[in-house]
Amino acid sequence: MLTRDDVRRIALAQPEAYEADHHGMPSFRVGKKIFCTIHQDLPRAMLKLDPEDQRNLSEGGPGVIEPVAGYWGKNGSTFVWFERIDEADLAGLMRMAWVQVASKALQANVLHGIHKGG
């Protein structure tokens with residue numbers, strides 16, 4: 001079962017990711033854009049996914065992956081219940097979220113092995 005510390009570790013493993021407060025919640029960003037937050041009261045994280053990926057993943061993972069209610073959810077904000085998912089799957093979703101907000105230049109550098117950071 002994954003913990004908040006596991007989510008934090010996986011988020012910070014993304015290239016140029018850093019942690020910052022977001023309304024009392026830990027958020028993980030790249031280039032000032034949030035790709036993940038960790039809920040403080042419930043065992044869930046919010047990941048910024050492509051809306052089509054969100055739809056497909058939530059249909060395939062009911063009770064584990066679900067859109068955030070309202071406007072934010074329609075634009076890809078997705079809850080992931082981290083106690084109900086394995087580490088490899090969460091790591092894959094985290095990378096998808098990172099790709100949604102990382103600059104194209106950073107993504108190209110990572111793809112071509114130019115970037116050396118975590």
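By convention here, the first residue in the shown sequence is residue 1.
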Donor-acceptor contacts under 3.5 Å from residues 90-101 side chains, at least two apart:
| from | atom 1 | to | atom 2 | distance (Å) |
| --- | --- | --- | --- | --- |
| R95 | NE | Q14 | OE1 | 2.6 |
| R95 | NH2 | Q14 | OE1 | 3.3 |
| W98 | NE1 | P15 | O | 2.9 |

Cut-off 3.5 Å, no hydrogens considered: what does the side-chain donor-acceptor table look like for residues 31-42, sequence neighbours left out?
| from | atom 1 | to | atom 2 | distance (Å) |
| --- | --- | --- | --- | --- |
| H39 | ND1 | D41 | N | 3.0 |
| H39 | ND1 | L42 | N | 2.9 |

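Side chains of R4 and R9 form no contact here, defined as non-hydrogen atoms less than 4.5 Å apart.
How far CG of L111 is from CD of Q107: 9.0 Å, rounded to the nearest 0.5 Å. Taking CZ from F28 and CD from E19, the interatomic distance works out to 4.0 Å, rounded to the nearest 0.5 Å. Annotation: the span from D6 atom CG to F82 atom CZ amounts to 8.5 Å, rounded to 0.5 Å. Separating the NZ atom in K104 from the CG atom in L106 is a distance of 11.0 Å, to the nearest 0.5 Å. For the atom pair CG (D21) and NE2 (H23), the distance works out to 8.5 Å, reported to the nearest 0.5 Å.
In terms of hydrophobic clustering, with Ile, Leu, Val, Met, Phe, Trp and Tyr side chains grouped at heavy-atom distances under 4.5 Å, L12 and V7 are assigned to a common cluster. Put simply, L57 and I10 are part of the same group of oily side chains (I, L, V, M, F, W, Y) that touch within less than 4.5 Å, one to the next. Y71 and M46 end up in the same hydrophobic cluster when Ile, Leu, Val, Met, Phe, Trp and Tyr side chains are linked at under 4.5 Å.
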Would I85 and W81 count as a side-chain contact (heavy atoms from CB on, under 4.5 Å) here? Give the steps. CA-CA 7 Å; I85 193 169; W81 294 85; over 6 Å; no

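With D89 contributing its side chain and D86 its backbone, the two residues share no donor-acceptor pair below 3.5 Å.
For residues 46-58, every residue pair satisfying the side chain to side chain donor-acceptor pair (under 3.5 Å) rule, not counting sequence neighbours, is listed here: Q54-T78.
Under the 4.0 Å criterion applied to side-chain N and carboxylate O atoms, R29 and E16 are not assigned as salt-bridge partners.
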